[in-house]
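Single-structure report; data block below.
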Amino acid sequence: MALVKKTFIDKAETVKIYDHYNIQIRECNQILESGVEISSSFSRYVLTPDHDVSTISDPVVKAQFNAVMTSDVKANYTKFLAEQ
């Protein structure tokens with residue numbers, strides 16, 4: 001009866017906010033006993049256009065970030081922050 005903790009990204013959503021985008025990430029945290037899930041929970045975080053792409057370890061999320069966060073989106077985000 002070995003207990004194993006498994007963490008993985010199960011959802012990455014691109015959300016439009018005014019004229020820029022954020023990527024919302026949901027991670028699933030599972031506790032498995034002999035390969036059977038006995039507990040799970042979720043944690044969430046948001047990637048904004050000014051996020052440091054080098055800190056993204058998941059290749060699918062990194063590809064999504066690079067595809068969505070164009071120079072125009074980043075400029076719009078900078079303008080949005082300046083107006084706040």
Side-chain angles (χ1 to χ4, degrees):
M1 292 202 297
L3 290 179
V4 176
K5 180 180 178 184
K6 185 177 173 184
T7 301
F8 57 93
I9 294 174
D10 73 330
K11 188 181 282 190
E13 299 176 310
T14 301
V15 179
K16 184 172 184 172
I17 301 173
Y18 300 108
D19 57 356
H20 66 277
Y21 297 92
N22 286 345
I23 300 177
Q24 298 178 351
I25 306 297
R26 183 174 82 174
E27 286 184 333
C28 181
N29 305 297
Q30 290 181 330
I31 304 297
L32 307 168
E33 182 177 6
S34 301
V36 177
E37 181 181 306
I38 60 172
S39 176
S40 68
S41 64
F42 296 103
S43 58
R44 297 171 188 271
Y45 57 93
V46 175
L47 302 177
T48 58
D50 63 350
H51 187 81
D52 180 7
V53 71
S54 69
T55 63
I56 302 172
S57 59
D58 186 276
V60 173
V61 172
K62 186 178 274 191
Q64 183 174 351
F65 185 90
N66 287 330
V68 171
M69 303 306 181
T70 63
S71 57
D72 287 343
V73 170
K74 290 178 180 185
N76 290 341
Y77 181 67
T78 300
K79 181 181 172 188
F80 170 78
L81 289 179
E83 292 172 352
Q84 297 303 307

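Count residues from 1 along the sequence.
Atom NZ of K5 sits about 10.0 Å away from atom OG of S39, to the nearest 0.5 Å. From S57, atom OG reaches atom CD1 of I9 across 6.5 Å, with rounding to the nearest 0.5 Å. Here CD of E13 is found 9.0 Å from CD1 of I25. Values are rounded to the nearest 0.5 Å.
The only option from T70, V68, N76 that meets the side chain to side chain contact (heavy atoms under 4.5 Å, CB included) definition with Y21 turns out to be V68.
Both Y45 and I23 are assigned to one and the same hydrophobic cluster, defined by single-linkage of ILVMFWY side chains at heavy-atom distances under 4.5 Å. Under a hydrophobic-cluster definition in which Ile, Leu, Val, Met, Phe, Trp and Tyr are linked whenever side-chain heavy atoms come within less than 4.5 Å, directly or via other members, V15 and L81 are assigned to the same cluster.
When atom types are taken as modelled, the side chain of N22 and the backbone of V46 share no donor-acceptor pair closer than 3.5 angstrom.
Of all the heavy atoms in K62 and I56, the pair that sits closest is CE-O, 3.1 Å. Closest non-hydrogen pair, Q30 versus C28, comes out as CG-SG, 3.7 Å. Nearest heavy atom pair, residue V73 against residue H20, reads O-CB, 3.9 Å.
The aromatic rings of F65 and H51 sit perpendicular, their planes meeting at an angle over 60°, well past the 30° parallel limit.
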Please determine whether side chain to side chain contact (heavy atoms under 4.5 Å, CB included) holds for the pair L47 and V61, giving the CA-CA distance in whole Å, both sets of side-chain angles, and the decisive distance to 0.1 Å. CA-CA 10 Å; L47 302 177; V61 172; 3.7 Å; yes
Evaluate K74 against M69 for side chain to side chain contact (heavy atoms under 4.5 Å, CB included), listing each step before the verdict.
CA-CA 6 Å; K74 290 178 180 185; M69 303 306 181; 3.9 Å; yes
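Surrounding OH of Y77 are more than 12 heavy atoms belonging to other residues, nucleotides or ligands, all under 6.0 Å away. Counting heavy atoms of neighbouring residues, nucleotides and ligands inside a 6.0 Å radius, atom OH of Y18 does not exceed 12 of them.
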